[in-house]
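In listed order, ligands and their atoms are each counted from 1. Note: hydrogens, waters and symmetry copies are ignored here, and every other heavy atom, side chains too, is used.
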Amino acid sequence: MTAAYNWQLGRDMDYRFEGGGAKRQFAAVFNINRCIACQTCTMACRSTWTFSPGQELMWWNNVETKPYGGYPRHWDVKTLELLEGANPGGQVWNADDRSEEAPYGRFEGKTIFEAAAPEERAVGYLPADEEWKAPNRFEDHGTGWSARGASLPEHEGWFFYLARICNHCTYPACLAACPRNAIYKRPEDGIVLIDQERCRGYRKCVEACPYKKAMYRPATGTSEKCIGCYPRVEGTDPLTDGRPMEARCMSACVGKIRMQGLVQVEADGTWAREPNHPLYFMVHEEQVALPLYPQFGTQPNIYYIPPRWVPRDYLRQMFGPGVDQALERYTRPSRRLLAVLQLFRASQQIIFSFDVEEGERVGEVEVGGEPYEIFNDTAVGFDAGGREIVRITVEEPLHERPLKVNSI
Ligand code: SF4
Ligand code: SF4
């Protein structure tokens, strides 16, 4: 084991390889306040990559209803229990120790790598075949509803949809656990891939991945996982005409909850400062989007704007101590954040930087008992070469249909 810096934990941690490795990193922000569980993302992925024999139970993208749903069943509760068993009472954050380098404070507990026995690479478990079946079990099941009804900030009866793909982790547990060294992280975009020639189907990756996003395919005797739609990201898919495009699950998102991109990464695995990159802006400047179970220690790269109506304790366990600040900022967004939120799904091309052009004041509403002014600013997205690819205003333009619509 070597020491690797994990900025999400605010400290060094034990990891099998030197940290970082990628110059650019595949990353995304999912705004789960907006997810409607239509599963369009799931089917976009399914119809592109996992429609063949042996992939029947393989959903690289899935959307589960929390708190009861999970694919495979109870994946997160099981991993949290393993960690708690390895370090009883010690899985805690020191949120007072916050700084620019450690925005969530310091995690004082043990990661899946640190809690592992000497003969293991990471704490994990192999789900039984049964647990991969019925991937959308508990869909729309909420906690008990109260006769008194519900009001923000927290509802007494609640559920929410958690859309999930492989996190293309900075410190992948699947990669660390593979005895064949069949898993690698691409330096150009941080996408984590399984070499199908080298894989012998030992399923150590399935066991070690805390998110359970490496999956075994019996028809080939190998493990498979999300490949980040790398031909689209590279711009080498024939349909993309040389332009870096977002993955299929992102592009297809009906609820417009997803924005994917490539961020620049320093040698130690931290993000290079890019204040005009929409993902950097949301994750590091506004800190409105948070990693999923950062305490696992893999430094996942899919970030979530947490749902406003869910009890904070539950959200803090899932997204760490940054939840309260993230929700405050999401509920009363700055002008710049409100503009950037309009860029979600405004383009299939990857946006590498943005600008905001100020517009006129168009309204005032009350948020949390305080007045909140709305301005019709314009968000502009640019590609890697600085060319404009999208322009969108905060206020949706109103189009009046002519009286005579068609010839009928
Ligand atoms: S989410 Fe799992 S499969 Fe994906 S890179 Fe991380 S550890 Fe590997
Ligand atoms: S397509 Fe978007 S809105 Fe629909 S389930 Fe997937 S993430 Fe949610």
Side-chain angles (χ1 to χ4, degrees), residues 6 8 15-17 21-22 25-47 58-66 69 71-72 75-76 79 111-113 121-124 127 135-136 139-140 160-178 182-186 189-194 199 203-216 223-228 246-260 291-294 296-305 307 344-345:
N6 184 324
Q8 294 176 355
Y15 187 64
R16 182 182 160 201
F17 297 113
Q25 177 62 54
F26 176 106
V29 169
F30 289 5
N31 179 0
I32 39 180
N33 291 278
R34 302 188 59 155
C35 180
I36 53 173
C38 61
Q39 305 284 1
T40 313
C41 49
T42 307
M43 296 316 296
C45 176
R46 177 73 154 182
S47 60
M58 196 178 271
W59 302 91
W60 291 351
N61 180 105
N62 79 290
V63 183
E64 56 205 42
T65 301
K66 288 296 183 200
Y71 169 75
W75 62 275
D76 49 351
T79 301
T111 66
I112 58 165
F113 306 112
R121 299 265 164 81
V123 164
N136 213 10
E139 184 184 26
D140 290 353
F160 67 95
Y161 304 121
L162 185 68
R164 300 202 302 119
I165 64 167
C166 165
N167 289 286
H168 296 282
C169 304
T170 303
Y171 303 112
C174 56
L175 184 156
C178 178
I183 305 184
Y184 60 104
K185 188 168 175 65
R186 305 200 323 168
D189 51 24
I191 289 175
V192 175
L193 296 177
I194 302 178
C199 178
R203 282 178 265 190
K204 289 292 176 189
C205 52
V206 184
E207 192 178 333
C209 170
Y211 303 96
K212 296 295 167 243
K213 281 296 176 187
M215 298 162 197
Y216 181 65
S223 294
E224 295 182 359
K225 61 178 287 305
C226 160
I227 61 169
E246 295 192 36
R248 289 276 290 125
C249 60
M250 315 280 177
S251 304
C253 177
V254 171
K256 300 188 176 185
I257 87 156
R258 299 176 175 222
M259 180 190 282
Q260 181 224 314
L292 178 64
Y293 293 118
F296 290 168
T298 64
Q299 204 171 292
N301 288 300
I302 308 298
Y303 292 81
Y304 293 84
I305 301 179
F344 280 63
R345 302 279 30 89

Peer 1: Strictly distance-based, threshold 3.5 Å: is any side-chain N or O of Lys66 a donor or acceptor partner for the main-chain N or O of Leu162?
Peer 2: no

Peer 1: To check your reading of the model: name the closest protein heavy atom to atom 6 (Fe) of ligand 2, its residue, and the distance in Å.
Peer 2: Cys41 SG, 2.2 Å

Peer 1: Mark the output for Thr298 as yes if a heavy-atom distance to ligand 1 is under 4.0 Å, and as no if none is.
Peer 2: no

Peer 1: At a threshold of 2.8 Å, where the distance has to be below it, does atom 6 (Fe) of ligand 2 have an N, O or S atom of Cys38 nearby?
Peer 2: no

Peer 1: Under 4.0 Å from a heavy atom of Cys209: which atoms of ligand 1 are those, numbered in the order shown and with their elements?
Peer 2: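 What qualifies from ligand 1 is 1 (S), 2 (Fe), 3 (S), 7 (S).
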
Peer 1: Under 4.0 Å from a heavy atom of Tyr211: which atoms of ligand 1 are those, numbered in the order shown and with their elements?
Peer 2: 1 (S)

Peer 1: Report whether any nitrogen, oxygen or sulfur of Cys166 sits less than 2.8 Å from atom 4 (Fe) of ligand 1 (N, O or S, backbone or side chain).
Peer 2: yes

Peer 1: Could you check whether Arg258 pairs with Glu246 (Lys NZ or Arg NE/NH1/NH2 to Asp/Glu carboxylate O, under 4.0 Å)?
Peer 2: no

Peer 1: So which protein heavy atom does atom 7 (S) of ligand 2 come closest to, and at what separation?
Peer 2: Arg258 NE, 3.4 Å

Peer 1: Considering only protein heavy atoms, which is closest to atom 8 (Fe) of ligand 2, and at what distance to one decimal place?
Peer 2: Cys35 SG, 2.4 Å

Peer 1: In terms of residue, atom name and distance, what is the protein heavy atom nearest to atom 2 (Fe) of ligand 2?
Peer 2: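 Protein heavy atom at minimum distance: Cys253 SG, 2.4 Å.
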
Peer 1: Considering heavy atoms of the protein only, find what lies nearest to atom 3 (S) of ligand 2 and give residue, atom and distance to 0.1 Å.
Peer 2: Gly255 N, 3.4 Å

Peer 1: Relative to the heavy atoms of Ala173, which atoms of ligand 1 are at a distance of less than 4.0 Å?
Peer 2: 7 (S)

Peer 1: Could you pull out the closest heavy-atom pair between Pro127 and Lys212, with the gap in Å?
Peer 2: CG-CD, 3.7 Å

Peer 1: Can you see whether Asn167 engages Thr298 through a side-chain donor-acceptor pair at a distance of less than 3.5 angstrom?
Peer 2: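 There is no such pair (donor and acceptor under 3.5 Å, judged by atom type) between the side chains of Asn167 and Thr298.
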
Peer 1: Looking only at the side chains, is there a donor atom on one of Asn6 and Tyr171 sitting less than 3.5 Å from an acceptor on the other?
Peer 2: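 No, no side-chain donor-acceptor pair sits under 3.5 Å.
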
Peer 1: Any side-chain donor paired with an acceptor under 3.5 Å for Tyr303 and Gln8?
Peer 2: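 Yes, Gln8 and Tyr303 have a side-chain donor paired with an acceptor closer than 3.5 Å.
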
Peer 1: Could you tell me which atoms of ligand 1, counted from 1 in the order shown, lie closer than 4.0 angstrom to a heavy atom of Lys225?
Peer 2: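 Close to Lys225: 3 (S), 4 (Fe).
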
Peer 1: When you compare the side chains of Thr42 and Asn62, does any donor N or O come within less than 3.5 Å of an acceptor on the partner?
Peer 2: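 Result is no, nothing qualifies.
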
Peer 1: How long is the span from the CD1 atom in Ile165 to the SG atom in Cys41, to the nearest 0.5 Å?
Peer 2: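 Here the rounded value is 9.5 Å.
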
Peer 1: Check the angle between the aromatic planes of Trp75 and Tyr211 and answer parallel, tilted or perpendicular using the 30° and 60° thresholds.
Peer 2: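 Geometry flag for Tyr211 against Trp75: tilted rings.
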
Peer 1: What distance do Cys226 atom SG and Met215 atom CE have between them, rounded to the nearest 0.5 Å?
Peer 2: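 It is 9.0 Å, given to the nearest 0.5 Å.
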
Peer 1: What protein heavy atom sits nearest atom 1 (S) of ligand 1, and how far off is it?
Peer 2: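 The protein heavy atom lying closest is Asn167 N, 3.3 Å.
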
Peer 1: Between Val254 and ligand 2, which residue portion shows a heavy-atom distance shorter than 4.0 Å: side chain, backbone, both, or neither?
Peer 2: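 The backbone, only.
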
Peer 1: Can you sort out which atoms of ligand 2 are near Gln39, meaning under 4.0 Å from one of its heavy atoms?
Peer 2: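 By the 4.0 Å cutoff, the relevant atoms are 4 (Fe), 5 (S).
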
